[in-house]
Amino acid sequence: AESLLQEIELNDDINSSFRITRRTLNAVLLAYRNDHQNGGYKAEYILKRMEELTNAGVYDVMPDVIAWNTAIGAIAKSNDPTAAERAYALFQQMKQATSEGQQDNNNDEILSRSKRSTTNQISRSVRPDGITYAYVIEAWLKRNDKKGTDMAQQLLDEFYSILQEQKKKGNRSNPSSSRLLKPDPVWNVIQAYQKREGGDNLLSTSIAKQMN
């Protein structure tokens with residue numbers, strides 16, 4: 001991981017024999033998730049470089065939802081006291097990228113069909129999913145203070161609202177769809193929190209109502 005990190009710090013030459021792929025960088029991000037000391041910062045850097053290298057035309061390694069989620073997970077699981085804020089900031093960037101992609105796709109009347117399809121694919125590829133919400137909620141709950149609890153509740157409410165809207169649209173008829181919001185990662189985080197803190201608190205009471 002460290003040798004590859006050095007390579008992408010220096011490598012802006014598309015003619016280099018060292019070929020970097022999205023899969024390789026996603027594997028590096030996954031390794032950093034286990035480094036609770038500095039892994040979060042390194043993962044953020046990798047994510048930024050993936051965008052820079054793609055925009056510069058060096059490599060086609062634009063971060064997908066796996067990359068975003070793994071970077072957010074590395075931050076959420078780190079020991080940094082600002083982990084919740086940093087994880088939430090990346091979460092907001094994902095939502096903004098999705099929103100901007102959809103807006104471009106809908107509003108540009110002269111956008112070619114090919115470009116419109118590509119834009120839509122990119123916006124969908126970074127849309128926050130159940131894993132994203134789970135990591136960010138986990139990061140806020142780790143703060144073990146009122147702000148952390150309040151933010152976790154806000155995200156849980158948002159997540160639950162999306163699930164309900166998903167049901168209204170009849171998405172349950174296609175449970176294999178990769179774009180459905182899967183609840184299990186979030187519920188796993190919440191259940192771990194309930195086990196750790198017990199059920200005698202307002203957040204646990206609210207959670208119990210939403211999970212039933």
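Closest of all the heavy-atom pairs between V189 and A134 is CG2-O, 3.7 Å. Residue T21 comes nearest to T24 through the heavy atom pair OG1-OG1, 2.8 Å, listed as atom of the first residue, atom of the second, then distance. The two residues K95 and P128 have their closest heavy-atom pair at CG-CG, 3.6 Å. A139 approaches A84 most closely through the heavy-atom pair O-CB, 3.6 Å. The two atoms that bring F159 and P183 nearest to each other are CZ-CA, 3.6 Å, heavy atoms only. The shortest non-hydrogen separation linking W68 to L90 is CZ3-O, 3.6 Å.
Proximity of Y45 to M50: side-chain heavy atoms (C-beta onward) are nowhere separated by under 4.5 Å. Contact check for K182 versus D129: no side-chain heavy atoms found under the 4.5 Å cut-off. Counting heavy atoms from C-beta outward, V186 and Y160 have side chains that stay 4.5 Å or more apart. Here the side chains of I75 and E44 are in contact, with some heavy-atom distance below 4.5 Å. Looking at heavy atoms from C-beta onward, Y193 lies out of side-chain contact with E138 at the 4.5 angstrom threshold.
Interatomic distance, Q37 CD to D80 CG, rounded to the nearest 0.5 Å: 9.0 Å. Taking CG from D64 and CZ from R23, the interatomic distance works out to 11.0 Å, rounded to the nearest 0.5 Å. Here the straight-line distance linking atom CZ of F91 with atom OG1 of T132 works out to 7.5 Å at 0.5 Å rounding. Residue T70 holds its OG1 atom at 8.0 Å from CD1 of I131, rounded to the nearest 0.5 Å. Here the straight-line distance linking atom CZ of R33 with atom NZ of K77 works out to 6.5 Å at 0.5 Å rounding. Annotation: the span from M62 atom CE to E52 atom CD amounts to 10.5 Å, rounded to 0.5 Å.
A side-chain N or O of E158 and one of Y133 form a donor-acceptor pair less than 3.5 Å apart. A donor and an acceptor atom, one from each side chain of D157 and Q153, are located under 3.5 Å apart. For the 3.5 Å distance criterion, the side chains of R49 and Y59 fail to qualify, holding no donor opposite an acceptor.
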Could you walk me through whether I190 and L141 pass the side chain to side chain contact (heavy atoms under 4.5 Å, CB included) check?
CA-CA 9 Å; I190 295 304; L141 289 176; 4.3 Å; yes

For a side chain to side chain contact (heavy atoms under 4.5 Å, CB included) check, start with the C-alpha distance between W140 and E85, then their side-chain angles and the critical distance, and finish with the verdict.
CA-CA 8 Å; W140 282 117; E85 286 82 358; 4.0 Å; yes

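Using a 4.0 Å cut-off between charged side-chain N and carboxylate O, E51 and K48 make no salt bridge.
Under the side chain to side chain contact (heavy atoms under 4.5 Å, CB included) rule, L29 has a single partner from N69, I46, I72, I66, which is I46. Between D145 and the choices R143, K147, K142, the salt bridge (charged side-chain N to carboxylate O under 4.0 Å, His left out) rule is met once, by R143.
Taken together through direct or relayed side-chain contacts under 4.5 Å among Ile, Leu, Val, Met, Phe, Trp and Tyr, V126 and L30 form parts of separate hydrophobic clusters.
T54 places a side-chain N or O within 3.5 Å of a backbone atom of V61 that can act as its donor or acceptor partner.
Annotation: cation-pi geometry satisfied between R86 and Y41 (NZ/CZ under 6.0 angstrom from ring centroid, within 45° of ring axis).
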